[in-house]
Amino acid sequence: MNDGGARALSNGAPRGVAIAAACSFTLGSVGLLGWSIESTRLVSIADGLPSMVPNTAVALVLAAASLWALGGRERPAPLRRLLGRTCAAGVVAFGFAALGQYVFGWDLGLDRLLFPARVAFTSKFPGRPPPNTALCCVLIGAALLSLPVKTRRASRLSDGGALSAAALALTALTGYVFGVGYFYGLPPLFPFTGMALHAAIAFLALCAGLLAARRDGGAFAVLTASGPGGVLLRRSLPFVVLAPLAIGRLFLIGADLGAYPLAASFSLASAISTLLLGAALWVSAARLNLLDEARRQAEDARAYLATVAQSSDDAVIGSALDGTIQSWNPAAERLYGYGAGEAIGKKLPILCPPERAGEAAAILARLRRGERVERFEAVSRTKDGRDIDIEVTASSIVDASGRITGVSTICRDIGRRKAMEAAVASAHAAEWRLRAQLEAVGAACAAVSETLANQPRSESGMRAVLEVIARHAKEISGADYASLGVGEDGRRPFDAWVPSGVPAEQIARIGAIPRPIGVLGAVGRDGRPIRLDDVRAHPDFIGLPPHHPPIEAFLGVPLRFRGRSVGRLYLGKRPGRPPFTEDDERAATLLADRTCSSIETARLCRVEANERRRIEAVVEQMPEAAILVDAEGRLITCNRLALQYASRAAGELDPWGNTVLFDPRTPRGEPVGWADRPLTRALRRGEVVTGAEALLRREGGDLVPVLINAAPVRSDDGEIQGAVAVFQDISALKEMERQRQAWIGIIAHDLRQPIQVIATASQLLYARSGGPLVANGEKQLGRIASSVERLRRMIDDLLDASRIEAHELTLDRSPVDLRAQLGEIVEKSTAATAGHAVRLEVRGDVPDVLADPGRLEQIVTNLLSNAAKYGQTNGDIAVAVSADRSFAQIAVTNWGRGIAEASLPHLFKRFSRVAEGDPRRVRGVGLGLYITKGLVEAHGGTIAVESTPGGATTFRFSLPLADPARAAGA
């Protein structure tokens, strides 16, 4: 085991003490538990073996408590010390009481204090500990009592008691190992009792804990010593203690099994033990040789260190305790200029300036007292009288016994290092100045950004930003005056000019804003700053305006944003002040680079504000109402005309949180859902709503007809950022439409009378002819009759169209059997569908619909007539009928040229005609599909068309069921 093992043993001693105490406490508690529950296994371990009597168990518990209290710490607390000594005294008392009873033949009754009814074995001394156990208690208790005393005698007493008790316990343990009752039971004297096996183990643990508790002295110190003796003891002790026991027991087992005679087993055990112990001693001797070799190497190393000291670049000086120099290496000669012969025998203060001689004497005094002296810097003096900066390492020289015999001093010239440190300190100072300027620039940029965010987007906002930049630039550079100008045209003054550091009354006396000419114009001409110690020395200097404060040092920095000039920063100092430095120029340039974007932003904000005011003026003067919302639907602006269409209910907000409310309604006056409003569609779905007719409910409750146009406002990347809506009042148009409808109604009504007269006259003329008509007379009368019928249909269409537009179309709805009604309509339409085969296809069960039978006939007749007009000549027409839960679906399909996709959106408009039809077969004014759509929607249904050019064309419309619940149940 090496020195590391010795340190491990020493460091692990407190843990060993705790383990020993725990072992003794556990085994004692096991014995007490065995007596308490009458368990022979816990009391005697095995049948026929001695039992641990109760008093022994109590003594083991007390000894464990005492060892824990006194041996766990270097200096136990007073209360813990008292507890430990009290428990130790109790252990001694138990032991002496038992021994006294044996020696004097007393019976004090102490042996039957615990569990008196359970001491059932017969003996001369029932319940009494055996003498060897009692003696172990006395020895261990005495060792515990002397444990807190830190004297050599107490150490010897403690170690002697522990080792004696260990000998007794080890003897008993050997008896158990070899089956020799004499060793643990003393049969000749006391054949009835003996030391219990677990008691012997507990005593051994206590003895080991006692030895470990005095880890700094006594027997344990010998064991943990790093010298050859400690190494030998650590290597041989386990073999000396354990090898004989283990080997003897093994050979005894062989003899018991009959492998060889008993005498042979002892001979074999002795021989093997001798061999093992010899091997252990051999190994230990080899270890000692290694240690001796290490000692020689240490001496060689010492000699090597002496050689190193002679060749070291540092001055190594050895001196006596009084400061007399005894050794002087060549480096010391080079450093101080004294030769070895000159320095040896002199005192150390010759190397110190006279004013520092006291410091050297104080350090020598500290070293003589054995104090530690940390490395320190000092000033020393050479032979030629120069003072040099040195670094000194001083330490005491001790001999093998630890006595201080001298002082070792190592001196190193640190003049070059001092110079480097000064240069580094200067660099650090410059770095700190630069860092401070950067922090100041950062604070200035933050102030500029905050000002830009908080100021209005106007001329005053831009001026506030320029003032903040000029003020911070003056503070960062240490200038007396600063100014910032925006503008490039030398023919006119700066667009914006903000001075700082000049009193307001002096600015007023200066008067006009300068132009970017002279030195001011030279700044930024080539994109670089201009730094002058005297501005008057510049060739472009043209003087200062009247009342301007005098300046000498000058610094001008251009402000450029994306290669374009946005301004110029000018800094000046009064005469006599130090000029600007490179650091000042660097900081001002950095500030300019970081704030030019803010200047450009402020300028753009000013431009945007002016443009916004112009737009607001235009919007305000628009003849239509206009409103603008942001991406969240919050109202940004609306003109005065829009407020006329708004309603302001107290405390009421719309879903977007606006207090100005707009209430659009359908042309019939029904409220429009929030999601279907034109502004919502534009904002949420990006739709462009054009010419949506609606009614706006104003605050008084009256409804104003308007046309609503709405569109989203998108950013450059297409993201919706808001929406705009324009309301156009069409009250006058509606009035004109009403008058037009009234006029159409009057005209249609007035046209009916002459048409009826023409029809009646033609019929009378035909009836009264009495005979054959003149050539072509009958044909002409037929033309008159067909023209009259066409005029009647046209008048009816015009009236229906006017009623639809005026929302005055009335229906007489009732439940209609759709299958029967369509069959009848198909039969009545044979004239309109002449030349076409019409098929009626009913798919599934079709319940009754809620419809006006006359209007339903008009719808289907119009679609059949349209299919015949535009379908293939002699082609089929299919009428298909089906039903879902709420509506009946009717589809009229024909085959022919079809309708172009571009014409489909215009089919249901007024006066719309399809260009693909045959003009010779297509007659009418283009109101048929318009009226059909109006009739379907009046019923609550919808109509749509699908067409494939050269294929099928299908018109589909729906009608509500009369009883939707019945259809759903079916």
Side-chain angles (χ1 to χ4, degrees), residues 665-673 675-678 681 685 687 689-694 797 800-801 803-816 818-819 821-822 825 841-844 846-867 870 877-894 899 901 903-910 912 914 926-948 952-965 967-968:
R665 295 174 178 258
T666 65
R668 297 183 180 181
E670 300 170 353
V672 179
D676 296 329
R677 296 186 178 186
R681 291 162 57 189
R685 301 197 290 268
E687 297 180 11
V689 181
T690 304
E693 186 176 345
D797 288 345
D800 286 341
R803 293 190 186 102
I804 291 173
E805 290 178 359
H807 306 289
E808 296 176 354
L809 186 67
T810 58
L811 299 176
D812 185 12
R813 294 194 291 179
S814 62
V816 175
L818 190 58
R819 179 197 297 265
Q821 183 71 14
L822 289 177
I825 294 172
E841 302 173 0
V842 180
R843 300 168 184 171
V846 179
D848 292 350
V849 296
L850 187 62
D852 184 333
R855 294 299 186 180
L856 176 58
E857 181 178 353
Q858 186 178 354
I859 293 170
V860 177
T861 302
N862 281 344
L863 293 179
L864 289 174
S865 175
N866 192 72
Y870 293 95
I877 299 175
V879 180
V881 185
S882 62
D884 54 22
R885 292 181 175 270
S886 301
F887 289 88
Q889 307 291 338
I890 301 97
V892 178
T893 305
N894 68 280
I899 304 173
E901 185 177 357
S903 301
L904 292 178
H906 306 285
L907 284 181
F908 297 103
K909 294 183 179 181
R910 291 181 300 173
S912 175
V914 177
L927 292 175
L929 291 178
Y930 173 75
I931 295 172
T932 301
K933 180 176 181 293
L935 293 175
V936 170
E937 292 178 348
H939 279 82
T942 59
I943 187 169
V945 61
E946 302 170 2
S947 181
T948 303
T953 299
T954 301
F955 285 85
R956 304 179 187 275
F957 70 95
S958 61
L959 294 175
L961 299 180
D963 187 3

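Values below: all heavy atoms of this structure, side chains included; hydrogens, waters and symmetry mates excluded.
- Put simply, the side chain of Asp852 never gets that close to the backbone of Leu811: no donor and acceptor are under 3.5 Å apart.
- Residue Gln821 comes nearest to Pro853 through the heavy atom pair NE2-O, 3.6 Å, listed as atom of the first residue, atom of the second, then distance.
- Scanning all heavy atoms of the two residues, the minimum distance from Leu961 to Ala888 falls at CD2-N, 3.7 Å.
- By the 4.5 Å heavy-atom criterion applied to side chains, Arg813 and His939 are counted as neighbours.
- Using a cutoff of 4.0 Å between basic side-chain nitrogens and carboxylate oxygens, Glu857 and Arg855 are not scored as salt-bridged.
- Every residue two or more places apart in sequence or in another chain that forms a salt bridge (Lys or Arg N to Asp or Glu O under 4.0 Å) with Arg956 is listed here: Glu946.
- Side-chain atoms of Ser886 and Pro960, non-hydrogen and from C-beta on, never get closer than 4.5 Å to each other.
- Between Leu929 atom CG and Ile943 atom CD1 the span is 7.0 Å, to the nearest 0.5 Å.
- For the pairing with Thr953, the side chain to side chain contact (heavy atoms under 4.5 Å, CB included) check across Val945, Thr948, Asn866 returns one residue only, Val945.
- Residues Val879 and Val860 are not in side-chain contact: their nearest non-hydrogen atoms beyond the backbone lie 4.5 Å or more apart.
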Item to check | Trace of the side chain to side chain contact (heavy atoms under 4.5 Å, CB included) decision for Leu904 with Ile899 | outcome: CA-CA 7 Å; Leu904 292 178; Ile899 304 173; 3.8 Å; yes

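- The two residues Ala675 and Arg685 come nearest to each other via the heavy atoms O-NH1, 3.4 Å.
- Looking at Leu818 and Val881, their side chains come closer than 4.5 Å, going by heavy atoms from C-beta outward.
- A donor-acceptor pair under 3.5 Å is absent between the side-chain atoms of Thr932 and the main chain of Ile859, judged by distance alone.
- Contact check for Leu959 versus Leu850: no side-chain heavy atoms found under the 4.5 Å cut-off.
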Item to check | Pair Leu863-Phe957, side chain to side chain contact (heavy atoms under 4.5 Å, CB included): steps then yes or no | outcome: CA-CA 10 Å; Leu863 293 179; Phe957 70 95; 3.6 Å; yes

Checklist entry - Does the side chain to side chain contact (heavy atoms under 4.5 Å, CB included) test come out yes or no for Phe955 and Thr893, once each step is laid out? => result CA-CA 7 Å; Phe955 285 85; Thr893 305; over 6 Å; no

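- To the nearest 0.5 angstrom, Gln889 atom CD is 11.0 Å from Arg843 atom CZ.
- Distance CG/Asn894 to OG/Ser947: 8.0 Å, rounded to 0.5 Å.
- Shortest non-hydrogen contact noted between Gln858 and Ile931 is NE2-CG2, 3.8 Å.
- Using a 4.5 Å heavy-atom threshold, the side chains of Thr942 and Val936 count as separate.
- Partners of Glu937 under the salt bridge (Lys or Arg N to Asp or Glu O under 4.0 Å) rule, at least two apart in sequence or in another chain, are Lys933.
- Arg819 pairs by the salt bridge (Lys or Arg N to Asp or Glu O under 4.0 Å) definition with nothing, not counting sequence neighbours.
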Checklist entry - Hey, mind stepping through Val816 and Leu856 against side chain to side chain contact (heavy atoms under 4.5 Å, CB included) and telling me if it holds? => result CA-CA 10 Å; Val816 175; Leu856 176 58; 4.3 Å; yes

